Amino acid sequence: MIHTGTVMFLRRVGAVLLKEVLQLRRDRVSLATMITIPLMQLLLFGYAINTQPRHLPTAVLLQESSDVGRSILRALENTKYFTIVKEARDEEEFDRLLQSGTVLFGIEIPANFERDLRRGDRPAILVAADATDPVGSGAALAALSSVTTTALRWDRSIPEFTPPPFEVRAHARYNPAAVSQLNIVPGLLGTILTLTMLIFTALAVTRETERGTMETLLAMPISPVEIMLGKIAPYVVIGFLQGSLIVGAGTLLFAVPIFGDLALLAALTTLFIATNLSVGYTFSTLAQNQLQAMQMAMMYFLPNLLLSGFLFPFAGMPQWAQYVGETLPLTHYLRIVRSIMLKGSTLADLRYDTLSLVVLMLIAMIIAVTRFRRTLD
């Protein structure tokens with residue numbers, strides 16, 4: 001027979017177990033988080049992550065138009081690493097397309113290329129790569145070695161050459177030595193700010209509710225917008241100090257350069273901080289307690305980490321994952337911070353990503369204020 005003490009022990013454990021199951025059923029956010037996060041990780045790692053990106057946006061500058069030049073461009077596209085999306089009119093536009101991040105590669109076929117090729121002078125084509133993300137450009141640059149042997153295979157007008165008939169000169173711009181710190185440190189600036197700003201403000205309203213101080217706050221003659229701005233403002237200063245510390249440490253310890261305007265970097269970093277604070281404040285109006293707010297923040301942070309281009313090349317993700325990534329503030333900020341620090345880009349080069357951050361911030365603020373007003377009714 002089972003000892004009476006053992007029976008009582010099992011009953012007590014069972015009672016606590018039943019209580020936790022019922023509480024978990026009532027806390028649907030926590031239950032959904034436990035199911036959603038593993039599923040999200042599986043889908044993102046399985047379908048969206050690719051460490052060897054293909055079909056990278058490429059611009060061409062044709063100093064002459066010839067059949068040989070078109071054969072070379074077809075051979076480059078046949079490697080599956082390059083997709084020609086722009087044709088530059090001159091050197092200035094060629095450089096601007098790379099600096100603005102519109103394309104990741106630029107291919108220049110010089111004047112008199114076909115004539116020099118027929119003479120056996122071994123002319124050179126220039127391939128300029130945006131190496132701010134060494135992982136994204138490395139495999140494509142390695143594939144260039146096969147172009148010289150396949151480009152003119154079917155061109156019978158070119159005589160057989162023992163050496164390759166032309167050479168490909170690859171130039172990795174903005175990070176020619178492929179130093180990983182130049183890519184990682186600016187990315188860490190955005191990632192750390194995203195995590196800390198989300199958590200700080202995700203707890204803002206729920207903390208007031210749990211402590212019972214929300215009623216006092218609501219009794220004051222103050223509007224929901226004024227409450228939100230008042231709560232966000234101190235964290236903007238904290239985030240700016242965090243960003244300054246990271247940039248300073250990156251410059252002093254890892255020799256990360258800042259080629260662009262420091263004031264522009266500070267202004268757009270402040271915009272990015274405000275965007276994340278608005279998103280976090282939205283979570284705080286949706287959650288019923290601090291645990292739910294923290295779970296929402298972490299669920300939002302995960303796709304920011306995986307789909308923004310910080311850990312894996314953005315261009316290597318499938319189209320649907322890139323569309324999702326475009327809705328994330330970190331995606332746009334990574335382009336901004338890397339472009340300013342490593343390329344010296346201006347606001348004109350970054351207008352798309354700047355406007356995207358503004359739109360995302362306004363959407364989050366509107367949702368947060370609307371939700372907060374509903375809680376008052």
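As the structure is a prediction and not an experimental result, all values here were calculated from the model. Throughout, numbering of the chain's residues begins at 1 and tracks the sequence.
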Evaluation steps, side-chain contact (heavy atoms from CB on, under 4.5 Å), between Asn175 and Asp130: CA-CA 8 Å; Asn175 186 9; Asp130 181 348; over 6 Å; no
Gln292 and Gln290: CA distance, side-chain angles, deciding distance, side-chain contact (heavy atoms from CB on, under 4.5 Å) verdict: CA-CA 5 Å; Gln292 287 186 1; Gln290 293 189 59; over 6 Å; no
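- Judged purely by atom type and a 3.5 angstrom limit, Thr58 uses its side chain to pair as donor or acceptor with the backbone of Leu56.
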Check the pair Glu91 / Gln63 against side-chain contact (heavy atoms from CB on, under 4.5 Å), numbers first and verdict last. CA-CA 10 Å; Glu91 292 278 357; Gln63 304 283 14; 3.8 Å; yes
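- Inter-residue side-chain proximity for Arg89 and Phe94 is flagged as unmet; no heavy-atom pair is nearer than 4.5 Å.
- In this structure, the side chains of Ser339 and Leu350 come closer than 4.5 Å at one or more pairs of heavy atoms.
- Cluster annotation: Leu357 and Leu347 are assigned to the same hydrophobic cluster (Ile/Leu/Val/Met/Phe/Trp/Tyr, side-chain heavy-atom contacts under 4.5 Å, transitive).
- Neither Val185 nor Phe259 shares a network with the other; the hydrophobic side chains, linked directly or stepwise wherever heavy atoms of I, L, V, M, F, W or Y lie under 4.5 Å apart, form separate groups for each.
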Apply ring-ring contact (aromatic ring centres under 6.0 Å, His included) to Phe272 and His332, showing your working. CA-CA 9 Å; Phe272 173 68; His332 302 286; 10.0 Å; no
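- Hydrophobic cluster membership for Leu245: none, as no Ile, Leu, Val, Met, Phe, Trp or Tyr side chain comes under 4.5 Å of it.
- Side chain of Asp121 to backbone of Pro123: no donor-acceptor contact under 3.5 angstrom is found.
- Among residues at least two apart or in separate chains, ring pair (Phe, Tyr, Trp, His ring centres under 6.0 Å) pairs with a member in residues 282-303 are Phe283-Tyr300.
- Taking CD1 of Ile246 as the reference point, atom OG1 of Thr251 lies at 11.5 Å (rounded to 0.5 Å).
- The hydrophobic cluster containing Val358 also contains Leu268, counting ILVMFWY residues as joined when their side-chain heavy atoms lie under 4.5 angstrom apart, directly or transitively.
- Across all non-hydrogen atoms, the minimal contact from Glu108 to Pro110 is O-CD, 3.7 Å.
- The distance from atom CD1 of Ile367 to atom CG of Leu362, rounded to the nearest 0.5 Å, is 11.0 Å.
- Counting only heavy atoms from C-beta outward, the side chains of Arg169 and Glu167 approach each other to under 4.5 Å.
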Would Ile109 and Val60 satisfy side-chain contact (heavy atoms from CB on, under 4.5 Å), going step by step from the backbone distance to the final call? CA-CA 8 Å; Ile109 297 180; Val60 295; over 6 Å; no
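- Side-chain contact, Glu77 with Thr83: no donor N or O sits under 3.5 Å from an acceptor N or O.
- With a 6.0 Å radius and a threshold of 12 heavy atoms from other residues, nucleotides or ligands, Arg351 has its CZ atom at or below the threshold.
- Every residue two or more places apart in sequence or in another chain was checked for a salt bridge (charged side-chain N to carboxylate O under 4.0 Å, His left out) with Arg54, and none qualifies.
- Separating the CD1 atom in Ile238 from the CD atom in Gln242 is a distance of 7.5 Å, to the nearest 0.5 Å.
- Closest non-hydrogen pair, Leu198 versus Asn276, comes out as CD2-O, 3.7 Å.
- The shortest non-hydrogen separation linking Ala274 to Met361 is CB-SD, 3.7 Å.
- Legend: salt bridge (charged side-chain N to carboxylate O under 4.0 Å, His left out) pairs involving residues 257-285, not counting sequence neighbours: none detected.
- A donor-acceptor pair under 3.5 Å is absent between the side-chain atoms of Asn112 and the main chain of Arg115, judged by distance alone.
- Side-chain heavy atoms closer than 4.5 Å link hydrophobic residues (I, L, V, M, F, W, Y) into clusters, and following such links, even through other members, never connects Val359 to Ile366.
- The closest side-chain heavy-atom distance from Pro257 to Leu342 is below 4.5 Å.
- For Tyr352, the OH atom is densely surrounded, since the number of other residues' heavy atoms within 6.0 Å is greater than 12.
- Residue pairs satisfying the salt bridge (charged side-chain N to carboxylate O under 4.0 Å, His left out) criterion with at least one member in residues 303-330, sequence neighbours excluded, are listed as follows: Glu326-Arg335.
- For the pair Pro186 and Leu334, the minimum side-chain heavy-atom distance is 4.5 Å or more.
- Shortest non-hydrogen contact noted between Leu104 and Ala315 is CD1-CB, 3.9 Å.
- For the atom pair Met296 CE and Ser284 OG, the distance stands at 9.5 Å (nearest 0.5 Å).
- At least one side-chain heavy atom of Leu265 sits less than 4.5 Å from a side-chain heavy atom of Met341.
- Here the closest heavy-atom approach between residue Ala266 and residue Phe240 is recorded as CB-CE1, 3.8 Å.
- With hydrogens and angles left out, the side-chain atoms of Thr346 and Asp349 include a donor and acceptor closer than 3.5 Å.
- Side-chain atoms of Glu114 and Glu64, non-hydrogen and from C-beta on, do get closer than 4.5 Å to each other.
- Side-chain atoms of Leu126 and Ile107, non-hydrogen and from C-beta on, never get closer than 4.5 Å to each other.
- Checked by atom type, the side-chain pair Tyr333/Ser308 shows no donor-acceptor distance below 3.5 Å.
- Note that the CG atom of Leu98 and the OH atom of Tyr174 stand 5.0 Å from one another [nearest 0.5 Å].
- Counting all heavy atoms, side chain and backbone alike, Leu305 lies closest to Thr191 at CD1-CG2, 3.7 Å.
- Membership of the apolar cluster around Val237 extends to Leu241, as traced through chained side-chain contacts below 4.5 Å between ILVMFWY residues.
- The structure places CG of Leu307 at 8.5 Å from OG1 of Thr327, a figure rounded to the nearest 0.5 Å.
- Residues Leu252 and Leu188 do not share a hydrophobic cluster, clusters being chains of Ile/Leu/Val/Met/Phe/Trp/Tyr side chains in contact below 4.5 Å.
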